[in-house]
Amino acid sequence: AYLTSQADWTTLENTNFIFEMMPYDNMDNKLFKYVKENRQRFATTIGADKVDDKLKTGVLYSMMKNRVNDPAKVEAAFKEIFPKKGEQFASEWNLQQLMRAQGEEGLKKFMNAAVDHFGKYESDDWGMYNSIAWSFYENTENKDYLKEAAGWAEKSVAIKSNFYNNDTAAALFLKLKQKEKGILYANEAIRLGKEAGEDTSATANLLRQLNEL
């Protein structure tokens, strides 16, 4: 109702208002389409990363809301908004679906897909690297898989070092019996965890096990 009273949608006030009111779960919504079609102007005012993140989230929520499970349709939806990175984002979506797989065959399919995905694409999302690395820690003893996962945990730390990804790295290096690296990450996890008020008792136990190698 407010926007219908506005002759100029390009003012700073209206640009910010439109971006805040743009829905997360409807690619057909007028405001979603407006932001998509005027992406560069919004990027200049609000920041390219914030605009892209909201558009990407919009695709994800739209797929979930409409129960779209066809990988080809998901990829087409991403490519409509992200011509260059649509394939990568669709691969990320597929990986998240496979991450919920159960049973030996399901886990193997997920792990192979993760190795394939990160072999093709780099990410700037520390959380994605960390969550998938931790899933590998919890679900496999295969040394090749664990080495891949340890590499992702280290990439996560390089993007944004925190208690969680340092703990993941330490746990993986314990399984790989790489004592020095494991101790390094465990100590950093404990330091950062205490600073953040986290319970570091499990990491302290990891550190004891690493010291006993």
Side-chain angles (χ1 to χ4, degrees), residues 56-57 59-78 85-179 181-186 189 193 198-210 212-213:
K56 181 180 176 184
T57 301
V59 179
L60 289 170
Y61 274 73
S62 291
M63 295 300 100
M64 288 189 288
K65 181 179 178 180
N66 295 305
R67 301 176 184 269
V68 177
N69 295 311
D70 183 346
K73 290 182 179 179
V74 173
E75 185 171 327
F78 274 115
K85 285 196 169 184
E87 185 177 303
Q88 176 179 346
F89 293 158
S91 180
E92 289 176 7
W93 171 86
N94 183 55
L95 200 51
Q96 294 295 336
Q97 307 311 302
L98 291 173
M99 196 172 180
R100 297 194 286 269
Q102 300 293 319
E104 185 176 342
E105 285 303 311
L107 284 170
K108 185 176 181 181
K109 190 174 181 180
F110 156 65
M111 290 179 183
N112 286 335
V115 172
D116 181 63
H117 175 82
F118 288 125
K120 290 180 180 177
Y121 309 111
E122 288 288 327
S123 175
D124 58 2
D125 184 346
W126 73 264
M128 184 178 183
Y129 275 127
N130 184 60
S131 64
I132 292 176
W134 183 255
S135 182
F136 273 48
Y137 166 75
E138 290 187 310
N139 290 295
T140 188
E141 301 297 325
N142 182 290
K143 296 299 182 186
D144 291 332
Y145 281 147
L146 291 172
K147 286 176 184 177
E148 293 279 2
W152 303 331
E154 290 192 295
K155 285 184 177 182
S156 178
V157 170
I159 294 167
K160 183 179 180 181
S161 182
N162 55 55
F163 165 67
Y164 303 103
N165 49 24
N166 278 277
D167 179 75
T168 297
L172 285 161
F173 284 120
L174 173 62
K175 274 196 168 183
L176 289 166
K177 300 190 184 304
Q178 294 187 28
K179 181 175 181 177
K181 273 194 167 184
I183 289 173
L184 178 70
Y185 284 108
E198 299 284 352
D199 179 2
T200 61
S201 57
T203 314
N205 185 49
L206 274 178
L207 183 58
R208 282 192 293 272
Q209 293 179 68
L210 284 159
E212 291 170 0
L213 288 177

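All values derive from a computational prediction rather than experimental measurement.
Residue A170 comes nearest to G182 through the heavy atom pair CB-O, 3.7 Å, listed as atom of the first residue, atom of the second, then distance. Summarising the geometry of F163 relative to A189, their closest heavy-atom pair is CD1-O, 3.1 Å, with the distance given to 0.1 Å. What you find for P71 and W93 is that their closest heavy atoms are CA-CZ3, 4.0 Å. Scanning all heavy atoms of the two residues, the minimum distance from L174 to L210 falls at CA-CD2, 3.7 Å. Considering all non-hydrogen atoms of both residues, A149 and A133 come closest at O-CB, 3.4 Å. Closest heavy-atom contact between L172 and A153: CD1-CB, 4.1 Å.
Two residues are said to be in side-chain contact when any heavy atoms from C-beta on lie closer than 4.5 Å; W134 and D167 meet this criterion. Residues F173 and T168 are not in side-chain contact: their nearest non-hydrogen atoms beyond the backbone lie 4.5 Å or more apart. You'll find the side chain of K120 stays beyond 4.5 Å of the side chain of Q88, heavy atoms only. A 4.5 Å side-chain heavy-atom check between F118 and I132 finds at least one atom pair inside the cut-off. You'll find the side chain of Y185 stays beyond 4.5 Å of the side chain of Q178, heavy atoms only. No side-chain heavy atom of S161 sits less than 4.5 Å from a side-chain heavy atom of W126. Side chains of T140 and L146 form a contact here, defined as non-hydrogen atoms less than 4.5 Å apart. By the 4.5 Å heavy-atom criterion applied to side chains, F89 and V59 are not counted as neighbours.
The line from CG of L95 to OH of Y121 is 11.5 Å long, rounded to the nearest 0.5 Å. R208 CZ to I183 CD1: the interatomic distance, rounded to the nearest 0.5 Å, is 13.0 Å. Atoms CE and CE, on M99 and M128 in that order, are 9.0 Å from each other to the nearest 0.5 Å. Taken to the nearest 0.5 Å, the CG atom of N162 stands 9.0 Å off from the CD atom of E198. Atom CG in N112 sits 10.0 Å away from atom CG in L98 (nearest 0.5 Å).
The number of heavy-atom neighbours closer than 6.0 Å to NZ of K160, taken from other residues, nucleotides and ligands shown, is 12 or below. Around the NZ atom of K108, the shell of radius 6.0 Å holds no more than 12 heavy atoms that belong to other residues, nucleotides or ligands. The environment of NZ in K85 is sparse: at most 12 heavy-atom neighbours from other residues, nucleotides or ligands sit within 6.0 Å. A 6.0 Å sphere centred on CG of D124 holds no more than 12 heavy atoms belonging to other residues, nucleotides or ligands.
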For K56 and E92, what are the C-alpha separation, side-chain angles and deciding distance, and is it a salt bridge (Lys or Arg N to Asp or Glu O under 4.0 Å)? CA-CA 11 Å; K56 181 180 176 184; E92 289 176 7; 2.9 Å; yes
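There is no side-chain donor-acceptor pair under 3.5 Å between N130 and S156. With hydrogens and angles left out, the side-chain atoms of E154 and Y129 include no donor and acceptor closer than 3.5 Å. Of the N and O atoms on the side chains of D199 and S201, at least one donor lies less than 3.5 Å from an acceptor on the other residue.
Every residue two or more places apart in sequence or in another chain was checked for a side-chain hydrogen bond (donor to acceptor under 3.5 Å, both in side chains) with E104, and none qualifies. With sequence neighbours left out, the side-chain hydrogen bond (donor to acceptor under 3.5 Å, both in side chains) criterion links Q97 to R100. Every side chain to side chain contact (heavy atoms under 4.5 Å, CB included) that E75 has, sequence neighbours left out, goes to K79, E87, A90.
Ring-centre distance between W152 and F136: below the 6.0 Å cut-off.
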